[in-house]
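Working notes, structure below.
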Amino acid sequence: MVRLAEILERTESLIERLHNTKRNNRIILNPDYLDDEKLPEEERTSVLREIFNRNIREKQLTRLAQHLTPILDGCHPPSLMIFGPTGSGKTATLLHFLSIFQKVSAKRGKLLRYAYIDLSSPKTYFSALNELARSMDDSLRRYRKGIPVSLMQDRIVNCLLDFKGFFCLLIDEADNIKPNADEFLTFLGKTLPRKVNCRIVLIMLTNRLDWEKTMDPRILSFLKKSDLIFEPYDAADLLEILKLRVEKALDTDKVDQGALNKIAAYASHETGDARRAVELLVKAVKVAEETSGRLTEIEVDKASMTLEIDKTEELIKTLASQQRLTLISCYKALGSNPKKKLSTGQVYQSYASLCESDGVRPLTQRRLSDMISFLDLYGLINARVISHGRYGKTREISGALPFELINRLLELKEHPS
DNA sequence: CATCCACAGGAAAACGCGGTTG
DNA sequence: CAACCGCGTTTTCCTGTGGATG
C-alpha cells in the first residue's frame, strides 16, 4: 500500500515536471500566425500589408501599378499574364494590390470591381465558369452538372450587365483547366466583352513558363496580353517575411537571429518558396520546444533533417510496388556499407532473388534499368553511367539515403502491414 | 590501333485492361 | 457477347559505346 502511494506520488511529480518544462520551453505564443489558413480575413490582410510595407515585392508592385494605372484615366489596359514559381507570392501580391487599387480608384471616382477564382485543383470549362459565377454572386449555387454551359455564361453576363466600370478578373493557376482551356479563354477574352458594358481586365497567374506555347495562337492574339514575372524570393526577402512571422507568433526572446538567417538561406537555396520557409520555421520551433527551449541554428538543422526524411519517406510510400522492390533490392545489395558501388547486374540478381522469395514475377533487366534511372531521378539512389573499359560499361549505383531511413525501409519489407 | 565487355538505351512488338461498338 | 480500339506498361530485339587491355 505504501508503495502504491509512492508510485502515484512519483507519477504526479513527473507530470508536474513535464508540464513545467513544457511551459518554460514554450516559444509559440500565437500559433495562428504560422498558418495562413487559420488566420481571420482582416488579420491576414494586415499581415500582408506589413509584408508589403517592408519593401518586399516592390519591383513587381511597381510594374503592376504601371500596368493598371491607365484605369484611373479611364483607359483600358491589356490583359496581364503573370509567371512565377509556387510560393513566390503571386496570389498574395495581386489580392493585396487589387484591394488597395480599388480604394484608390474609388477616390478618383472610377468604378472598379474584381473577382478572384482559384483553379488550383484542375477544373473543367464548365466548373471554371461556375466558380467564376459564384465569385461574383454569392447567392449562386455550385452545380455539378445538369445546367447547360450557355446558361452559366448568361449568369455571368447578368452579373455584369448593369456595371459600367472596370472589372478585374484574377485567375489563379490559370493553366489548370483540363480538357478545353481554349474555350474558357475565348469566352472571357472575346465573347464576354461584347456582351457587357464594363471593361474587362484579365489577370492570369501561372507557374508554368511554357504555358503560352501550349495555347492556341489565335487566343494569344486577341488576349493582347503583356507579361510580368515574379522571381522567387531571395534570402533577404525571406528573412523579412520570417521576421514578421516571428514577431507575430513567437516569443522573440527565445529566437536567435542566426537561426532565421539559416532558414532563409536554406529556403532560398532550394526554391525561394515562402511557404516552405515558414514550414521549416514551424518545424524548427517545434523541435526547439521539445528540446532546448531556444530556437538556434542547431534546431534549424535538426528540423531540416527531419523534414527531409519525412518527405522522402512520404515519397517511398507512394512508390509503385515494383519501384519499391527495386529500391529495397538496391539497399539490400548495398548492405550497411555506404561507399559500396553496385552494377546493374548485381542489383538485378538481388532483385531476382527478392522476387522469388516474395513470389512475384520479376521484370526484365531492361525494365529494371529504367526503374533505376527513375529512382535516381527522385534522388533515392545515386546512379551514373561509368565505363570500366574492357570490363564493361554499367551504372554505378550507390546509396543516397540516411541510415535511419534505410533501416526502416528494410523493416517495412520484413513486416508488411 | 582494334578489340571486346556489360551493359545503356532506342524501337518496335506484345501484352493487359477498361471501355466501346456492331 | 465477341470483336475491336486506345493507351500505358512490359518484353523482345536491337544497335551503340567508353575506355582498359592486349
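No hydrogens, no waters, no symmetry mates; every other heavy atom, side chains included, goes into these values. Computed from a predicted structure; not experimentally measured. In the text below, chain A, chain B and the rest are named by the order of the sequence lines, each starting its count at 1.
- Of all heavy-atom pairs between C198(A) and G165(A), the closest is CB-O, 3.2 Å.
- The aromatic rings of F101(A) and F97(A) lie parallel to each other, their planes meeting at an angle below 30°, with 60° marking the opposite boundary.
- No side-chain donor-acceptor contact under 3.5 Å links K90(A) to the backbone of I229(A).
- Side chains of Y351(A) and Q322(A): a donor on one and an acceptor on the other come within 3.5 Å.
- Taken residue by residue, residues 367-386 of chain A places heavy atoms nearer than 4.0 Å to DNA chain B at S369(A), V385(A).
- Comparing the helix axis at one end of the helix from dC1(B)-dG22(C) to dG22(B)-dC1(C) with that at the other, each defined from 5 consecutive pairs, gives an inter-axis angle of 30° (nearest 10°).
- For the pair R361(A) CZ and dG16(B) C1', the computed distance is 11 Å after rounding to whole Å.
- Atom-to-atom, CD of E396(A) to P of dG19(C) comes out at 13 Å; the value is rounded to the nearest Å.
- The residues E404(A) and R408(A) are annotated as salt-bridged, a charged nitrogen and a carboxylate oxygen being separated by less than 4.0 angstrom.
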Anything under 3.5 Å between a protein N or O and an N or O of nucleotides 4-6 of chain B, put it in a table, one pair a line.
| from | atom 1 | to | atom 2 | distance (Å) |
| --- | --- | --- | --- | --- |
| dC5(B) | O4' | R390(A) | O | 2.7 |
| dC5(B) | O2 | G389(A) | O | 2.8 |
| dC5(B) | O2 | R390(A) | O | 3.3 |
| dC5(B) | O2 | G392(A) | N | 2.9 |
| dA6(B) | N3 | K393(A) | N | 3.3 |

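- Across L334(A), I316(A), I309(A), I381(A), a single residue satisfies side chain to side chain contact (heavy atoms under 4.5 Å, CB included) together with L401(A), and that is I316(A).
- One distance of note links CG of L228(A) with CG of L205(A); it measures 10.0 Å at 0.5 Å rounding.
- Electrostatic pairing of K283(A) and D310(A) counts as a salt bridge here, judged by a charged N lying under 4.0 Å from a carboxylate O.
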Legend entry - side chain to side chain contact (heavy atoms under 4.5 Å, CB included) between L281(A) and L260(A), intermediate numbers included: CA-CA 8 Å; L281(A) 173 68; L260(A) 293 187; 4.0 Å; yes
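- dT11(C) atom P lies 11 Å from atom CZ of R366(A), rounded to whole Å.
- For R395(A) and dC7(B), the shortest distance from a side-chain N or O to OP1 or OP2 is not below 4.0 Å.
- A salt bridge links K262(A) and D301(A); the closest N-O separation between the charged side-chain nitrogens and carboxylate oxygens is under 4.0 Å.
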